[in-house]
There are 2 protein chains.
Amino acid sequence: MQITSKFTVAVHILTCIDFFDGQMRVTSDFLSGSTGVNAVIVRNVLGQLRNAGIVETRQGSGGAHLAKALDEITLYDIYKAVDCVDDEGLFHFHENPNVDCPVGRNIHKAMDSRLDAAQTALENELKSTTLAEVVADTRKIIDEE
Amino acid sequence: MQITSKFTVAVHILTCIDFFDGQMRVTSDFLSGSTGVNAVIVRNVLGQLRNAGIVETRQGSGGAHLAKALDEITLYDIYKAVDCVDDEGLFHFHENPNVDCPVGRNIHKAMDSRLDAAQTALENELKSTTLAEVVADTRKIIDEE
DNA sequence: AAAGTTGAAACAACTATGATTACAACTTTA
DNA sequence: TAAAGTTGTAATCATAGTTGTTTCAACTTT
């Protein structure tokens with residue numbers, strides 16, 4: 001089980017927009033080239049980021065732009081934007097525990113708060129990092145090359 | 001994306017073993033009835049828990065038993081036993097970033113420590129809860145019914 | 001010897017992910 | 001205004017992963 005690669009693709013895309021915007025038109029085709037991901041997938045991800053208010057794109061004109069400052073975009077915002085985890089939550093509870101069994105009808109309730117805590121721990125960690133930090137690290141690594 | 005339900009099934013199974021062992025033979029068939037999950041799946045999960053040293057089962061005789069004290073089994077042990085997340089990690093990095101692009105060839109390095117931190121936060125939370133607590137809560141809820 | 005059980009392999013059904021094709025709508029530029 | 005390039009979106013496909021099901025050999029108990 002793995003969280004969809006759309007998450008890392010989205011971070012890659014946003015880093016590219018910050019890095020190349022102004023120098024060239026950052027189109028879905030260009031981003032497809034940098035990420036190695038199909039251009040239609042890139043456009044889908046860009047659409048999700050646009051719906052979340054993270055980027056701006058327009059039909060026809062071409063070229064994506066950031067809609068927010070780098071330090072106002074957390075990894076959690078991106079993770080939410082690309083729908084890594086749906087409303088059901090990160091953990092998948094088996095759906096037909098036997099209500100005639102005392103364990104079966106109560107185990108869900110007994111586990112729920114723990115599963116929530118684990119998922120929240122993951123998400124809080126993602127909230128604590130902004131895109132500004134990822135971009136800064138990327139630039140630093142590039143400068144040291 | 002969701003973590004396989006084998007994880008919650010495993011916790012359910014272990015709680016049942018603690019609850020019913022001694023009163024009856026806790027077979028894969030019985031556990032299938034309580035969880036609502038196919039008996040073959042139950043046997044697969046039991047096999048993984050056995051490999052991890054968490055339960056004891058034997059061919060022929062029937063009836064699973066705990067191999068450790070409840071407070072020596074963390075949710076993380078179970079999560080590891082049933083292989084919720086493989087060696088690749090929780091996050092799935094897109095596999096063909098373009099090495100000719102400065103962002104493409106460095107973004108992985110720039111993100112890795114953050115993704116690891118998020119995964120570790122999840123796992124540490126799971127390590128902090130033992131089966132003893134889940135079982136205690138389950139028993140408490142049953143007693144209050 | 002018979003009955004019940006585990007372990008494991010093989011296969012089917014279903015779902016999710018990501019790639020691909022196709023095309024309408026839109027913008028820019030020549 | 002026409003052409004070229006781009007986005008947005010739907011439809012389809014291949015592949016992989018999850019869960020269920022069937023089957024049967026190996027084992028234990030009675």
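Every chain is numbered from 1, with letters handed out A, B, ... down the list of sequences.
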From CE of B:Met1 over to P of C:dG18, roughly how many Å is that when rounded to an integer?
11 Å

Can you tell me the distance, in whole Å, between the CD atom of B:Gln48 and the C1' atom of C:dT6?
15 Å

Quick note, B:Gln59 side chain, CB onward, closest among D:dT19, C:dG7, C:dC26 is C:dG7

Here the distance between atom P of C:dA16 and atom CG of A:Asp83, to the nearest Å, is 12 Å

Check whether any side-chain N or O of A:Asp77 sits under 3.5 Å from a backbone N or O of A:Thr74 as a donor-acceptor pair, and report yes or no.
yes

Do B:His92 and A:Thr4 have side chains that get closer than 4.5 Å, going by heavy atoms?
no

Whole angstroms only, please: what is the CG-P distance between B:Asp86 and D:dA16?
14 Å

Is A:Asn44 touching bases, backbone alone, or none of the nucleic acid, heavy atoms closer than 4.0 Å?
base

Return no unless some side-chain N or O of B:Arg50 is found under 4.0 Å from OP1 or OP2 of C:dT6.
no

Test side-chain hydrogen bond (donor to acceptor under 3.5 Å, both in side chains) applied to A:His94 and B:Thr8, step by step:
CA-CA 7 Å; A:His94 50 298; B:Thr8 59; 2.9 Å; yes

Tell me what B:Gly60 touches on the nucleic acid: a base, only sugar-phosphate, or nothing, going by heavy atoms under 4.0 Å.
base

Of B:Gly63 and A:Ile3, whose nearest nucleotide on DNA chain C comes first from the 5' end?
B:Gly63

Looking only at side-chain atoms of B:Thr57, point me to the closest of C:dA19, D:dT7, C:dT6.
C:dT6

With both distances under 3.5 angstrom, what nucleotide forms a Watson-Crick or G-U wobble pair with D:dT30?
C:dA1

Any ion pair linking B:Glu145 and A:Arg105 (charged N to carboxylate O, less than 4.0 Å)?
yes

Separation of D:dT6 atom P from A:Phe30 atom CZ, nearest Å, is 12 Å

To the nearest angstrom, the NE2-C1' distance between B:His92 and C:dG18 comes to 10 Å

Return whichever of A:Ser5 or A:Val40 has its heavy-atom-nearest nucleotide of DNA chain C closer to the 5' end.
A:Ser5

Separation of C:dG18 P from B:Asn96 CG (nearest whole Å)
13 Å

Taking only the side-chain heavy atoms of B:Thr27 (C-beta and beyond), determine which of C:dG18, C:dA19, C:dT6 contains the nearest atom.
C:dT6

Of B:Asn38 and A:Ser61, the one whose closest DNA chain D nucleotide lies more 5':
A:Ser61

Once you round it to whole Å, what is the distance between C1' of D:dA10 and CZ of A:Arg43?
12 Å

Tell me whether the OP1 or OP2 atom of C:dT5 has a side-chain N or O from B:Arg58 closer than 4.0 Å.
no

Has B:Gln23 got a side-chain atom pairing as donor or acceptor with B:Phe20's backbone, closer than 3.5 angstrom?
no

